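If you're wondering where the values come from, they're calculated on a predicted model, not measured in any experiment.
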Amino acid sequence: MIGCECFCWDSVSEYYPLESQPFSLPSPLPTWPQGQGFATGRIHLGELEVVKITNFESIYTCTPNRGNTKGVTFYKPAGVPDGFLSLGHYCQPNDQPLRGYVLVARDVAATEIEDKSISDSMSDFPALRKPLNYTLIWNLDSPHDEYAYIWLPNAPVGYKSMGFVVTNKPYEPELDEVRCVRDDLTESCEACDTILNTVSTFSKYPIRVWNTRPCKRGMLGLGVSVGTFFCSTYSGSGDELSIACLKNVGSTWHAMPNLDQIHSLIKHYGPTVFFHPDDKYMPSSVPWFFKNGALLYRDGIMKGEAIDSRGLNLPRGETNDGEFWIDLPDNDEKSSYLKNGNIESAELYVHVKPALGGTFTDIVMWVFCPFNGPATIKAGLLNVEMSKIGEHVGDWEHFTLRLSNFSGELWSMYFSQHSGGEWVDACNLEFIEENKPIVYSSKCGHASYPHPGSYIMGSSKLGIGVRNDAARSKYFVDSSIRYQIVAAEYLGDGVVTEPNWLQYMREWGPTVVYDSRSELDKIIRHLPFYLRFSVETLCELFPTEIYGEEGPTGPKEKDNWLGDERC
């Protein structure tokens, strides 16, 4: 057995509680409007029906006794409904509220399958089978008579394991502890979000523990996260994991919300978006932007064409070939007026789509600003507002609510920040009213953040990068009231009418290339000599848009329209 005596199991940590306490949203969930399978507590994935378990029985809590590695707790699902079977155990850090899940599954008889086409592909093999035995992956034999063992279920031929099993005994777990899933009902998964890493503090017998997620994600992805963890005694997770995730092989998104339920979800969870008090460049509605002077240009034609308020004269579909773009009026007064936006007209444009095989719903909220202001560069104590770097016409930003289709509960939010972003668990959000989160939009650049503050994109260690300031102000948009659903493809044709401007796949601003070298030189020459070369190198890490770019494209041209968020 692999041993390690550098853990202190079940001991009190100076910094973290022994075990995490359960988290709940600020307010109870409402009764959602009637529908098909949304928020019913169970989801059909074809041959399998799954239930999300959020109640757990603690197996072991560990706190490393040196270094700054966070303690973690390993759990097994508790209160599994009759007829359902565990697929693996759960693990999470102790410095976060107990906020996780694992799926348990049952094999649905062929007569219960609503989609009869699945029965043609069914084999003589059941959807679920017991493991053949277990392989011990890691164990602890503590001098304090505390023990821990992590086991990998060995699946029969044609089946895959969904997760690991943790025990406090040196004997293999019972074969009834978990089930393996038939190959064709699974998809590959990948490690993400390190939960425990003792590689740096325990050189002899390291262990790393990660969350897992499907490799293929996004609106068309069929992979379903089981909620289990992956672990390894090596420093890396490896190219291919020894466990898999589930796959939704059903032909319909029966657990996705219908239109009435979508409206109810937005009214219940719609965030309030606060803009910085010193931001000159406010959002507006798209029709306001068109009606107040935005022009459509075509390559080779000098004069721009006025745009219909609904975008009826915009070219639709095809690809972004660079032949068309939108720009501000030539008149300086009209251009300045348009740049400032019109927050009174602003609304959030909503795209609703399946996530993680239809077990979650992503409500993506797009914010339009007619203009993105110049960047502010921070270098140590020096803050320099650029005159041009970072400016562009037609700024599209977004954030995403991820909701559990088992209950309709807000699970997490994605905050888009220039060329990247971050997922934030619901327990780490700010709420302004009941279950409505707050989004802070950064000054001039309109990146989204979960909390106020100054965020540096570059090297936070050296304090050099693009500065994003976020704060509450009197300028805000309540998306629970001011929104328009512009797309929900899974509902079928005719349920949601997409606005004409959404089909415009070209650029919402002209191509601009800035003389960044001359502007950045005035920062570099104010720094100590030993930092000057470093600054020039770090400029390569700044968001590409601060140097100039082809005009930004609209929502449908972004990677996350079909795919998952960048993270």
Side-chain angles (χ1 to χ4, degrees), residues 22-30 32 39 54 96-101 193 257 261-277 279 283 343 346-353 355-356 360-369 396-418 420-443 445-453 455 468-485 560 564-567:
F23 167 82
S24 59
L25 291 168
S27 298
L29 298 186
W32 307 113
T54 57
Q96 293 289 313
L98 185 54
R99 176 68 172 171
Y101 70 92
D193 305 327
Q261 290 167 335
I262 292 172
H263 283 295
S264 184
L265 289 165
I266 295 173
K267 290 174 182 176
H268 185 75
Y269 290 119
T272 295
V273 185
F274 282 101
F275 293 84
H276 195 277
D279 199 341
I343 198 168
E347 58 185 355
L348 279 292
Y349 297 107
V350 179
H351 178 208
V352 187
K353 60 179 184 175
L356 300 176
F360 287 85
T361 293
D362 277 0
I363 296 181
V364 188
M365 294 191 154
W366 290 91
V367 183
F368 176 73
C369 295
W396 281 103
E397 302 290 347
H398 78 279
F399 52 87
T400 298
L401 302 165
R402 178 157 287 180
L403 309 169
S404 170
N405 287 347
F406 290 96
S407 61
E409 181 180 3
L410 173 63
W411 202 254
S412 59
M413 278 188 67
Y414 181 81
F415 294 81
S416 176
Q417 298 153 4
H418 302 299
E422 60 177 333
W423 281 105
V424 177
D425 192 276
C427 64
N428 294 317
L429 298 173
E430 288 185 26
F431 294 89
I432 189 170
E433 177 188 355
E434 296 180 332
N435 293 333
K436 295 181 173 67
I438 295 176
V439 174
Y440 294 92
S441 180
S442 67
K443 178 185 174 184
H446 311 124
S448 299
Y449 294 93
H451 306 288
Y455 300 86
N468 291 272
D469 294 322
R472 192 179 295 206
S473 75
K474 64 181 180 180
Y475 307 112
F476 65 88
V477 179
D478 181 354
S479 69
S480 70
I481 300 172
R482 292 161 59 179
Y483 70 91
Q484 179 185 349
I485 300 174
N560 72 302
D564 200 6
E565 303 291 357
R566 293 182 184 178
C567 193

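In this structure the side chain of Tyr414 never reaches within 4.5 angstrom of the side chain of Val364, judged on heavy atoms. Within the 4.5 Å cutoff, no side-chain heavy atoms of Val352 are placed close to those of Leu265. Looking only at side-chain heavy atoms (C-beta outward), Leu348 and Val367 come within less than 4.5 Å of each other. A 4.5 Å side-chain heavy-atom check between Arg472 and Ile438 finds at least one atom pair inside the cut-off. Residues Thr272 and Glu433 form no side-chain contact, since every pair of their non-hydrogen atoms from C-beta on lies 4.5 Å or further apart. Residues Met413 and Ser448 fail the side-chain proximity criterion, which asks for heavy atoms closer than 4.5 Å. Residues Ser442 and Tyr455 are not in side-chain contact: their nearest non-hydrogen atoms beyond the backbone lie 4.5 Å or more apart. Considering only heavy atoms from C-beta on, Asn560 comes within 4.5 Å of His398 through its side chain.
Residues satisfying the side-chain contact (heavy atoms from CB on, under 4.5 Å) criterion with Ser404, sequence neighbours excluded, are Lys52, Phe360, Phe406, Ser407. Among residues two or more places apart in sequence or in another chain, the ring-ring contact (aromatic ring centres under 6.0 Å, His included) test is passed with His351 by Trp561. Shown here are the side chain to side chain donor-acceptor pair (under 3.5 Å) partners of Asp564, two or more places apart in sequence or in another chain: Arg217, Arg402. Residues passing the side chain to side chain donor-acceptor pair (under 3.5 Å) test with His268 are Asn435, sequence neighbours excluded. For Ser480, the side chain to side chain donor-acceptor pair (under 3.5 Å) partners are Asp478, not counting sequence neighbours.
Ring-centre distance between Phe274 and Phe476: below the 6.0 Å cut-off.
In this structure, Asp279 CG and His446 NE2 are separated by 4.0 Å, a value rounded to the nearest 0.5 Å. In this structure, CG in Asp362 is found 14.5 Å from CH2 in Trp411, a value given to the nearest 0.5 Å. Note that CG of Leu403 is 4.5 Å distant from CD1 of Ile363, once rounded to the nearest 0.5 Å. Expressed to the nearest 0.5 Å, how far OG1 of Thr400 lies from CE of Met365 amounts to 10.0 Å. Rounding to the nearest 0.5 Å gives a distance of 4.5 Å between OH of Tyr269 and CG of Leu29. Residue Gln261 holds its CD atom at 12.5 Å from CD1 of Ile266, rounded to the nearest 0.5 Å.
Across all non-hydrogen atoms, the minimal contact from Pro450 to Glu422 is CD-OE2, 3.6 Å. For the residue pair Ala39 and Gly408, the shortest heavy atom distance occurs at CB-N, 4.2 Å. When every heavy atom of Pro271 is checked against every heavy atom of Ser479, the shortest pair comes out as O-OG, 2.6 Å.
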Kindly list each side-chain donor-acceptor pair under 3.5 angstrom involving residues 423-432, sequence neighbours excluded, with atom names and distances?
from: Asp425; atom 1: OD1; to: Arg99; atom 2: NE; distance (Å): 3.3
from: Asp425; atom 1: OD1; to: Cys427; atom 2: N; distance (Å): 3.0
from: Asn428; atom 1: ND2; to: Gln96; atom 2: OE1; distance (Å): 3.1
from: Glu430; atom 1: OE1; to: Tyr440; atom 2: OH; distance (Å): 2.7
from: Glu430; atom 1: OE2; to: His451; atom 2: ND1; distance (Å): 3.0

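Of the candidates Lys267, His263, Glu347, Tyr483 forms a side-chain hydrogen bond (donor to acceptor under 3.5 Å, both in side chains) with just one, namely His263.
Atom OH of Tyr475 sits in a sparse spot, with 12 or fewer heavy atoms from other residues, nucleotides or ligands closer than 6.0 Å.
There is no side-chain donor-acceptor pair under 3.5 Å between Glu397 and Ser441.
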